[in-house]
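For reference, the structure is listed below as structure tokens.
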Number of protein chains: 2
Amino acid sequence: MQKYYQKIKNSPIFYGMADFELDRMLECFRAVIKHYEAGDTIIRSGDIITKIYLILEGDVNIEKDSYWGRRIIIQKLHENNNIALSLVASKNTESNINAVCTKDATILILNYEKCSAMCQNACMHHGAFIRNMFKILSKENVELIEKIENISQKSIRDKLLTYLSNESQKNKSNMFEIQFNRQELADYLNIDRSAMSFELSKLKQEGFINYKKNKFILKVQV
Amino acid sequence: MQKYYQKIKNSPIFYGMADFELDRMLECFRAVIKHYEAGDTIIRSGDIITKIYLILEGDVNIEKDSYWGRRIIIQKLHENNNIALSLVASKNTESNINAVCTKDATILILNYEKCSAMCQNACMHHGAFIRNMFKILSKENVELIEKIENISQKSIRDKLLTYLSNESQKNKSNMFEIQFNRQELADYLNIDRSAMSFELSKLKQEGFINYKKNKFILKVQV
DNA sequence: ACATTTCTGTTGTTTTTACAACAAAAGGAA
DNA sequence: TTCCTTTTGTTGTAAAAACAACAGAAATGT
């Protein structure tokens with residue numbers, strides 16, 4: 001635990017807490033650290049989620065299997081992200097998603113149920129913690145809405161321009177670097193990779209954008 | 001305010017509060033009630049959101065205008081829903097969505113900022129309130145993920161079957177009634193209405209489903 | 001009951017996308 | 001460097017969806 005203390009302290013979910021408060025919380029939550037290898041399933045669809053998972057290292061995908069085989073990537077999570085935080089609040093709710101480790105990961109696991117039952121009123125730090133959770137969930141909400149906006153566009157071109165425009169706004173610059181490679185971007189936008197590459201080429205030719213690998217320049221105000 | 005007291009009391013955001021607590025909260029939050037007519041814009045993209053909006057009556061759409069004209073419906077909100085709750089937590093964040101009244105509405109507006117600044121520690125009911133908000137946001141999160149699942153399917157048929165299957169699960173029955181009419185369902189699933197109607201007919205012919213108006217029977221386990 | 005409006009289903013045509021197969025470029029390892 | 005692997009770009013074809021236009025059904029108002 002000591003090895004990861006700084007990381008834990010700097011994570012959004014413990015934001016603004018002094019060391020002594022953090023120590024108290026970790027104890028109260030029965031915090032444990034668990035390691036997962038790429039390919040491991042951390043949460044399986046159907047599991048009852050009663051714990052909070054904080055990614056300290058590694059990558060995790062939130063996926064959903066459709067009944068006819070196709071796998072949908074809902075979110076890609078990294079360091080400092082929480083897994084399935086929204087499922088903790090709705091008690092005794094089965095998970096409807098899988099959380100799959102895609103890059104060797106270290107996860108901090110907090111027994112939220114136990115703690116919230118015990119110290120809802122007693123533990124003075126609980127209030128700050130739940131406010132942090134609320135903020136995290138809010139942010140996630142905004143991101144999900146953004147994803148819906150992106151994939152709700154009706155053509156590949158519109159999806160790309162909307163996505164790039166959103167990224168540009170977030171970076172407050174018309175030059176920015178994206179987090180996805182081409183296949184991942186296609187998965188995120190729910191389109192065919194080759195068709196997307198073709199459309200990117202066209203957009204470049206027509207002077208709307210420029211790019212090299214993951215660095216993009218949005219030349220038009222969309 | 002008295003006219004809507006029971007509605008307010010029974011809303012999820014004030015869940016579990018006694019009358020005296022509710023009174024105190026409403027005062028603390030500087031609660032006001034505002035009426036909107038169908039067509040009114042309640043929140044405009046660019047607004048800074050510092051208040052909590054609770055729908056007591058009427059319908060509200062959360063929409064996003066794409067830069068090339070098309071309007072995307074992100075969510076349809078009704079009685080007991082909160083508008084843009086996720087934007088309140090991220091302080092000083094501009095709204096990136098429009099909230100448009102689609103059926104004459106009565107909205108309870110709470111000055112969250114003022115209250116949370118004043119009584120974060122003082123007001124003993126604030127804790128319960130934020131836990132309620134957390135739960136609401138969690139639920140919304142789960143619904144957004146479900147929408148992403150639905151619209152991420154690659155064919156109209158798969159979108160329909162996924163949506164119907166999810167509805168069936170929620171109703172714990174293979175017979176259920178859906179909340180959308182055909183045009184609204186097509187908007188929600190991001191597909192063309194007529195193409196959707198055609199696919200529904202095929203699914204009925206092939207024996208996968210049966211339906212009459214908004215009542216559906218899912219005959220297969222998908 | 002009748003007229004009018006709204007909602008739903010059907011069909012043909014055009015446009016867009018997915019898919020497959022391959023080419024070119026970039027990145028790593030020996 | 002060279003070989004091999006991974007990523008990205010290109011093209012033709014087949015499949016799917018959007019679109020438009022209309023017909024029939026259901027709901028609504030008078």
Side-chain angles (χ1 to χ4, degrees), chain A residues 38-39 59 66 68-73 76 102-103 150-164 177-217, chain B residues 38-39 59 61 66 68-73 76 102-104 150-164 177-217:
Chain A
D59 295 337
S66 79
W68 32 91
R70 218 164 80 97
R71 167 163 303 181
I72 294 148
I73 298 172
K76 284 174 168 291
T102 55
K103 190 172 143 195
N150 287 330
I151 66 179
S152 291
Q153 302 298 325
K154 71 172 183 315
S155 67
I156 290 180
R157 168 170 291 225
D158 289 354
K159 285 181 191 183
L160 283 169
L161 286 174
T162 303
Y163 170 75
L164 293 173
E177 198 169 340
I178 68 172
Q179 58 168 323
F180 297 129
N181 68 22
R182 296 291 184 276
Q183 184 60 63
E184 287 172 333
L185 180 56
D187 287 344
Y188 174 82
L189 293 176
N190 250 276
I191 50 183
D192 179 68
R193 182 198 57 77
S194 67
M196 185 188 77
S197 268
F198 184 58
E199 196 65 45
L200 280 174
S201 298
K202 275 207 291 184
L203 284 168
K204 188 196 269 186
Q205 265 195 330
E206 295 172 25
F208 289 109
I209 63 172
N210 204 348
Y211 60 88
K212 182 152 199 169
K213 280 226 50 165
N214 291 13
K215 295 192 201 306
F216 282 77
I217 300 173
Chain B
D59 296 336
N61 273 4
S66 79
W68 32 92
R70 216 164 80 100
R71 167 164 304 180
I72 293 146
I73 298 171
K76 284 175 168 290
T102 55
K103 192 173 141 193
D104 291 8
N150 287 330
I151 67 179
S152 293
Q153 302 299 324
K154 71 172 182 317
S155 67
I156 290 181
R157 168 170 291 225
D158 288 354
K159 285 180 192 183
L160 282 169
L161 287 174
T162 302
Y163 169 75
L164 293 172
E177 198 169 340
I178 68 171
Q179 58 167 326
F180 297 129
N181 68 22
R182 296 291 185 275
Q183 184 60 63
E184 288 171 333
L185 180 56
D187 286 345
Y188 174 82
L189 294 177
N190 250 277
I191 50 182
D192 179 67
R193 183 198 56 78
S194 68
M196 186 187 76
S197 269
F198 184 58
E199 196 65 45
L200 279 173
S201 299
K202 275 208 290 185
L203 283 167
K204 190 196 268 187
Q205 266 195 329
E206 294 172 27
F208 290 108
I209 64 173
N210 205 348
Y211 61 87
K212 182 151 198 170
K213 281 225 45 164
N214 291 14
K215 294 192 202 307
F216 282 76
I217 300 172

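Residue A/Ser194 is in base contact, counting any heavy-atom pair closer than 4.0 Å across all strands shown. Among the protein residues, B/Leu200 comes within range of no part of the nucleic acid, since none of its heavy atoms lies under 4.0 Å from any strand. B/Ser197 comes within 4.0 angstrom of a base, heavy atoms only.
Separating the CD atom of A/Glu184 from the C1' atom of D/dT7 is a distance of 11 Å, rounded to the nearest angstrom. Between the P atom of D/dG9 and the CD atom of A/Gln183 lies a distance of 12 Å, rounded to the nearest Å. Taking atom NZ on A/Lys204 and atom C1' on D/dT8, their separation rounds to 11 Å, with Å as the unit. Taking atom CG on B/Asp192 and atom P on C/dG12, their separation rounds to 17 Å, with Å as the unit. To the nearest angstrom, P of C/dT17 lies 13 Å from CG of A/Asn190. Note: CD (B/Gln205) to C1' (C/dT10) measures 11 Å, nearest angstrom. As a whole-Å value, the separation of B/Arg182 CZ from D/dA27 C1' is 15 Å. With rounding to whole Å, B/Gln153 atom CD is found 12 Å from D/dA17 atom P.
Taking side-chain N and O atoms only, B/Arg193 has no distance below 4.0 Å to OP1 or OP2 of C/dT8.
Using a 4.0 Å cut-off between charged nitrogen and carboxylate oxygen, A/Arg157 and A/Glu206 count as a salt-bridge pair.
Among D/dA16, D/dT11, D/dT8, the nucleotide with an atom closest to any side-chain atom of A/Phe198 is D/dT11. Listed nucleotides C/dG27, C/dT11, D/dA18 differ in distance to A/Lys213; the shortest reach to its side chain belongs to C/dG27.
Between the B/Glu184 side chain and the B/Asn181 main chain, a donor and an acceptor come within less than 3.5 Å of each other.
In this structure the side chain of A/Phe216 never reaches within 4.5 angstrom of the side chain of A/Asn210, judged on heavy atoms.
At least one cation-pi condition fails for B/Lys76 and B/Tyr188: the charged atom is not both under 6.0 angstrom from the six-membered ring centre and inside a 45 degree cone around its axis.
Between the side chains of A/Ser152 and B/Asn190, a donor-acceptor pair is found at a separation under 3.5 Å.
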